[in-house]
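Presented below is the structure to which this report refers.
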Protein chains: 2
Amino acid sequence: MKKSKTKSDLRIIPLGGLGEVGRNMMLLEHKRKILIIDMGLAFPEEDMLGVDYFIPDTSYLEKKEKDILGVIITHGHYDHLGAIPYLIKKLGNPRIFASELTQAIILRRQGEFPDVPKLKTTQVKNGSSISLGPFKIEFFRQNHNIPDNLGLFIKSPVGNIVHTSDFKFDSHPVYDPPTDFNKLRTIGQKGVLLLMSDSTRAEKKGHSLSEKQIMGNLEEVFKKTSGRIIAATFSSLINRIHQIITLSKKYQRKVAIEGYSMKTNVKIARRLGYLKFTKGILIETKKVKDYPDSKITILCTGSQGEEEAALVRITNKDHKIIKIKKGDTVILSSSAIPGNEKVIQNLKDNILRQGAKIFHYQMMDIHAGGHAKQEELKQMIKIMRPRFFIPIHGQYSMLLEHARLAKSTGVPEKNVIVAENGQIIKVTPNKISVSGKEVPSSYVMVDGLGVGDVREIVLRDRKILSKDGMFVIIVAINHQTGKVKGSPDIMSRGFVYLRESKGLLAQTRKKVVEIVNKTAGAQRPINMVHLRNSIRNKIGKFLFTKTQRRPMVLPVIIKV
Amino acid sequence: MKKSKTKSDLRIIPLGGLGEVGRNMMLLEHKRKILIIDMGLAFPEEDMLGVDYFIPDTSYLEKKEKDILGVIITHGHYDHLGAIPYLIKKLGNPRIFASELTQAIILRRQGEFPDVPKLKTTQVKNGSSISLGPFKIEFFRQNHNIPDNLGLFIKSPVGNIVHTSDFKFDSHPVYDPPTDFNKLRTIGQKGVLLLMSDSTRAEKKGHSLSEKQIMGNLEEVFKKTSGRIIAATFSSLINRIHQIITLSKKYQRKVAIEGYSMKTNVKIARRLGYLKFTKGILIETKKVKDYPDSKITILCTGSQGEEEAALVRITNKDHKIIKIKKGDTVILSSSAIPGNEKVIQNLKDNILRQGAKIFHYQMMDIHAGGHAKQEELKQMIKIMRPRFFIPIHGQYSMLLEHARLAKSTGVPEKNVIVAENGQIIKVTPNKISVSGKEVPSSYVMVDGLGVGDVREIVLRDRKILSKDGMFVIIVAINHQTGKVKGSPDIMSRGFVYLRESKGLLAQTRKKVVEIVNKTAGAQRPINMVHLRNSIRNKIGKFLFTKTQRRPMVLPVIIKV
């Protein structure tokens, strides 16, 4: 009896996005049938050297391919869809459900991965619904900073579930319809057993800015600027891009777009009607010089100081056509992603040094995050009046704060679950609880073509190499006498400036000869493992004494 | 004539601290005689892999040892004194002038460098003055977040100069006397030709918080906390440390101090009377368990998430005695240094996961920076009414903003100089200008015992190694036939997970044999440079095709 009862619980299993920002992926499982919501990537933490992204660990889904009902992607941001190319094949290429714009972004990205199978995508939209196994999913519009973002109203065997997607409330958005509170209230009135809501800005007091306010502030900049405007933002911030193009039009400026991802996103969004402008407003970058400065906007990527992005290349004078000049006005319309602050500060300084003006979000409200702040979050909870509440999407401190907000609106403490990736949350009509068991939820690292092959040991080695470099010692020994033949060779990188370290290298060579002759000269047969360890340890210590650095010492012994 | 006139200008030469935060060092030169103000270090930028600090480039001072009049250290922070052990010997061990506490901190640090000569320090204080060559320097008290901080009023042959040191105005400091506006006004009334003022917070509107407000807020936390209090701050924030110890006493808590630098700073400051408390309040950490939780404060380093600091070890369960437990309250009383935000977020999450509460500066004003904000900066300029103004100490954007503030108070645009490290600013009684020439002002990197030996090429290698690791190929060739002997050896670290890459390694070995046999097999004599390059390029490309990674490929060819 107990077993079958457990099986008819609904199980909610977050594989990513809880306790972190990014890499969102969640499973809803009922009687073995699994619905997947989102499949995102996250950008590497500081200690993930050389890693491109990390994605969810899907080992729990191995051999369950036939039980996967489908994948719903809530909106077109990479932290919700970026892992598809790496995971979809492994999961048996299940169907993907997404809105028009989201679908287009998924398919565009898939084009960069020629080896993966053709995706099976199905378009859904605000008001439409689909049935997948025991779940019926109705989609409803949510404001965010990309259009065509969908929240989910899921009828499940245990009760109704609301998944907010990323969202903010905006009564005066630009180009997007305003939040449909009537619709939300209708959903709330149907009775919500469980609400799962976006926690990204749960630690921020108040209400997020309306896009209308942003537009007004951006217009102020356009109004008083007579030189070129260089506006940098995320390529995924379709709304902000829309505002900048519209203002450029109003102030008779042509727009040159720089940055591959920005160009392709603009193309897609325009084709689908999410960006509305006449094509004549766009010009090629090489035509910029044909217009007076007052008639030019350069719209580009790089607001986070990303090494290869357009604004950074322009600022570093690495861009073929555009250089910063006196009289330029640079708009940085995105807030700093935590950890990027110093890089952005240096970018700003370099722009200012070249005589341009800067407007950024700390000086003026020219950027609004796409996520609800505390007042909106409480409003969402009050509208939905859920029995159970799980804060999703955010660092642990954000989830905790969101949980506190839920309790403050009256959700009983025992009905609020602060869960983390890999935990199994069991939901019945009367009870929510965290199972003692967990599913794997490790960091799966993507580095080039390798998915998951960068393990702890690889990262540990990269860390050692990054700090003090490496020191390879090649020594030939006579296999009969165990004595060194010739002089040992040393190959070192990232350790010391070799040209000025000849003395150190000579001493080290001498030391190697001593170690080998003493160690191997006395052994019959020569214990190569012991000899190698001996060189590694003794030379490691020697170099540390001389330099206080610990390069990776790698002895190569060749018997001749 | 022209030459001698130039020589009697006063030359101001910043070697560090302008266009960056940290590494403060400035020269005042008149008729070859040089006064040095501060000698600080800075913490490495993101791309300075493995570097401990960076310090000013003093090549300009080479062979000018006998012209150095002395070094004034304004206060006891490492960004003002940390480079002394690395530079003082090179500069001929000139005399150092500092306040009592600053002197003690300089000497304590010097103790960690046994190989440098004994310092020649002279104690100065508020109201005292010294004459050094053409300069007469009067010291005046300035509030900051460390006691015994001195501003400089310098009588020079061209006119009076004020150097503010780092400062903020505080009418209600805790333990420090309040800002002496009368004294400042007296200085202003003497006539100030040039003001050089701290720009660190020039981009922040308003007035900095008084330490009294901080104290009140901290007391709120103490009042309502019944578990242990774990308070983390910088070891150099003597004022904050004082507040926490005093509050602990008031609320009958014993204080255990964790972190070497915190312990030694507390010891010094107490010995000199800058920290006032009865010794009985301190306990050893191993005694913590002998008291109820409500009677314990743990005062520690690690508020920035520094890898080896006490709070981080406690949080990661690496600390021998203290572990975070439910009921603990952690106070993070320092703002995030730009770039550390993500690490601090992860630290917070890990503390919260273990059931502790957190108070940090974003939630409550329990930390005030030590630097004046815009209103204070303007007030300082108004008091000094300088003819010329140079913003010092800060990133370029801060200097620029400070310059704008100066202009807003009435300093004419042509009299405000936004200078950067290495520039030479010439001052006469009637004119301030930047010379066309510059002195060297590069980053001198300190890595272990090496000062300046980590060059661009070493950093570039570390960067490559940190991203994709390295790949050493050892191949023996017959020196007569040029053919490979045996199978090539491969040693790789930080590139791929070797256990799962046997196929790739086998293919690479085969490829190496092909390359060598084809290249060297046809050459007489064998061109070793060409052969090595050929292996490096071809194997590099091969590995990139297979993995999209670019490890550093290092071929070792052994002729047998």
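Here is the naming used below: chain letters follow the sequence lines, and residue numbers restart at 1 for every chain. Since the model is a prediction, treat every value here as computed from it, not as a measurement.
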Decide yes or no for [X] and [Y]: does some side-chain heavy atom of the first lie under 4.5 Å from some side-chain heavy atom of the second?
X        : Y        : result
B/Leu465 : A/Met552 : no
B/Asn533 : B/Ile535 : no
B/Ile417 : B/Gln423 : no
B/Asn350 : A/Tyr396 : no
A/His402 : A/Leu405 : yes
A/Thr547 : A/Phe495 : yes

>> Around atom CD of A/Glu500, are there more than 12 heavy atoms from other residues, nucleotides or ligands closer than 6.0 Å?
In response: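 Yes - once you tally the heavy atoms of other residues, nucleotides and ligands closer than 6.0 Å, there are more than 12.
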Please state whether the side chain, the backbone, both or neither of [X] comes within less than 4.5 Å of a heavy atom of chain B.
X        : result
A/Val556 : side chain
A/Arg549 : side chain
A/Ile558 : side chain
A/Phe544 : neither
A/Ser397 : both
A/Glu401 : neither

Among [options], who wins on heavy-atom pairs under 4.5 Å with chain B?
options                               : answer
A/Gln395, A/Met398, A/Glu45, A/Gln548 : A/Gln395
A/Asn346, A/Leu399, A/Asp489          : A/Asn346
A/Arg550, A/Glu203, A/Arg353          : A/Arg353
A/Glu46, A/Glu420, A/Arg499, A/Lys546 : A/Glu420

>> Quick check on B/Asn340 against chain A: is it the side chain, the backbone, both or neither that has a heavy atom closer than 4.5 Å?
In response: neither
>> Less than 4.5 Å to any heavy atom of chain A: does that hold for the side chain of B/Leu400, its backbone, both, or neither?
In response: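 Interface part for B/Leu400: side chain.
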[X] versus [Y], closest heavy-atom pair with distance:
X        : Y        : answer
A/Gly486 : A/Val484 : O-CG1, 3.3 Å
B/Val553 : B/Pro555 : O-CD, 3.7 Å
A/Ser199 : A/Pro391 : OG-CB, 3.3 Å
A/Ala403 : A/Val416 : CB-CG1, 3.6 Å
B/Ser466 : A/Ser466 : CB-CB, 3.3 Å
A/Phe43  : A/Asp52  : CD2-O, 4.2 Å

> Within residues 457-464 of chain B, which positions have a heavy-atom distance to chain A below 4.5 Å?
Replying inline: B/Ile457, B/Val458, B/Asp461, B/Arg462, B/Lys463
> Taking A/Gln354 for the side chain and A/Ile351 for the main chain, is one N or O donor matched with an acceptor at less than 3.5 Å?
Replying inline: no
> Counting only N and O atoms by type, is there a donor-acceptor contact under 3.5 Å from the side chain of A/Gln374 to the main-chain atoms of A/Ala202?
Replying inline: yes
> What distance separates B/Leu332 CG from B/Leu347 CG, expressed to the nearest 0.5 Å?
Replying inline: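 B/Leu332 CG to B/Leu347 CG: 6.5 Å, rounded to 0.5 Å.
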> Counting a contact as any heavy-atom pair under 4.5 Å apart, which residues of residues 470-477 of chain A contact chain B?
Replying inline: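 So far as heavy atoms go, A/Met470, A/Val472, A/Ile474 are the residues that approach chain B to under 4.5 Å.
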>> Taking every non-hydrogen pair under 4.5 Å, which of B/Leu554, B/Leu498, B/Val454 racks up the most with chain A?
In response: B/Leu554
